[in-house]
Amino acid sequence: MNTSVLPPSNDTDTPLCYSINSPPFKYVPTIASAYFSSIFSALGLTSNLIAFVVLLKSFRQTHSSARSSFLIFLGGLVVTDFMGLLVTGTIVVSFHVTHFNWRTLDPRCHFCNFMGMSMVFYGLCPLLLGAAMAVERFIGINRPFARTASTPKRRTVSMLMLVWMSAGAVASLPLTGIGSYHVQMPGSWCFLNISSAGTDLAFSLLFSLVGLTCIAVSFVLNTISVVTLIRVCCGQDNRQRRRDQEVEMMVQLILIMAIASICWCPLLIYILVKSSSAEPVSPETVLFYVRMATCNQIFDPWIYIMCQVSRIRSLLHKLC
């Protein structure tokens, strides 16, 4: 793919989102790009729909309050991934099919800001939800009495709403002047401006540090929870069935954390390093890392599909 950006316009009235990268780009469209984007989006949407059906069936069959809360979190994650792929995928596929010019379609940057907000919001949500689920499992395993003192489902819904509100607040900061969204090469998407100057530096650091902190919190709390489960998982008493369910949930949570770390850490670390060191940013590298991060929305639902209760419980009994 041969892409380069034309010199920015000298017009002082150039909207902010076109002040660095000014469309149209010197872009040679390929059929592969359209097919790749379409197949990528269709696969992700289908996977999340299947996962939602699996989770809904599991939620109706479960009688455990702890597992119900966990399934609510998973349901929120599936809905978030589905909407993220639907919103951003529609825009990207439309560009590769129609090759529209952003400046003609969106002269005042409203559409670009919307996509930039969507990229940040639907990017942070899975990481924040992973950390929230790690906190919920940590309390449920290490502080069971504190957990049962409140209403699990109501608290879970409140935490889910808080995650969405937090991600939305961060994504909305450029609308208040903290950071900015810009068209990115090859012109199919908008994202935050990775820069070491002014408010763009603050927003770049905030985005990367929030994401990395969520991954770190998930790792620490999940490690503690796993150690606690290892100490008691082989005990044979009347709580063995509950312990099996705890292990099942932890297996899924660890896989979610591992996939999120692999998919998101390269982009988050790259943003952190480039914004801190004032080094030039490679558009091709950013695009590659964003595609890696987007893979998280495709891999996540297959964790729920493959890690069904009956299959994991059968494996646990064989191993123990």
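Worth knowing before you read on, the calculation uses all heavy atoms, side chains too, and leaves out hydrogens, waters and symmetry mates.
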Quick one: which residue pairs count as a disulfide (SG to SG under 2.5 Å) with a foot in residues 167-203, not counting sequence neighbours? Cys112-Cys190
Closest approach of Val290 to Met119 (non-hydrogen atoms, all atoms of both residues): CG1-CE, 3.7 Å
May I have all residue pairs that pass side chain to side chain donor-acceptor pair (under 3.5 Å) and include part of residues 107-116, sequence neighbours excluded? none
For Gly179, is there any backbone N or O sitting under 3.5 Å from a side-chain donor or acceptor partner on Thr199? yes
Using the test side chain to side chain donor-acceptor pair (under 3.5 Å), find all partners of Ser282 that sit at least two apart in sequence or belong to another chain. Glu284, Thr285
Could I get the full list of ring-ring contact (aromatic ring centres under 6.0 Å, His included) partners for Tyr289, not counting sequence neighbours? Tyr270
Hey, could you give me each pair passing disulfide (SG to SG under 2.5 Å) that has a residue in residues 70-103? Not counting sequence neighbours. none
Keeping the roles fixed (side chain from Asp106, backbone from Phe111), state whether a donor-acceptor pair exists under 3.5 Å. yes
Just jot down the ring-ring contact (aromatic ring centres under 6.0 Å, His included) partners of Phe73, sequence neighbours excluded, or say none. none
What closest approach, in Å, do Leu267 and Ala293 show between heavy atoms, and which atom pair accounts for it? CD2-CB, 4.3 Å
With side chains defined as the heavy atoms from C-beta onward, is the minimum distance between Leu192 and Asp200 less than 4.5 Å? no
Partner residues of Thr98 under the side-chain contact (heavy atoms from CB on, under 4.5 Å) criterion, sequence neighbours left out: Phe100
Mind checking what makes side-chain contact (heavy atoms from CB on, under 4.5 Å) contact with Ile259, not counting sequence neighbours? Cys263, Asn296, Phe299, Asp300, Ile303
Looking at Ser208 and Leu205, would you say the former's side chain and the latter's main chain have a donor-acceptor pair under 3.5 Å? yes
Test of understanding: with side chain to side chain donor-acceptor pair (under 3.5 Å), list the residues that count as partners of Ser47, not counting sequence neighbours. Trp302
Taking distance alone, no hydrogens or angles, what donor-acceptor pairs closer than 3.5 Å link side-chain atoms of residues 77-85 to residues at least two apart or in another chain?
residue: Thr80; atom: OG1; partner: Gly76; partner atom: O; Å: 2.7
residue: Thr80; atom: OG1; partner: Trp164; partner atom: NE1; Å: 3.0

Kindly give the heavy-atom pair with the smallest separation between His182 and Leu16, and that separation in Å. CE1-O, 2.9 Å
Are the side chain of Ser275 and the backbone of Leu272 linked by a donor-acceptor contact shorter than 3.5 Å? yes
side-chain contact (heavy atoms from CB on, under 4.5 Å) against Thr213, all qualifying residues, sequence neighbours excluded: Val217
For the residue pair Tyr18 and Val183, establish whether any side-chain heavy-atom pair is separated by less than 4.5 Å. yes
Ile298 and Ile262: same hydrophobic cluster, using ILVMFWY side-chain contacts below 4.5 Å? no
Could you tell me whether the side chain of Ser204 and the main chain of Ser196 form a donor-acceptor pair under 3.5 Å? no
Any residue meeting side-chain contact (heavy atoms from CB on, under 4.5 Å) with Ser118, in chain and number order, not counting sequence neighbours: Val87, Thr88, Phe114, Tyr122
Over all heavy atoms of both residues, which pair between Leu124 and Ala167 is shortest? Give the atoms and the distance, please. CB-CB, 4.3 Å
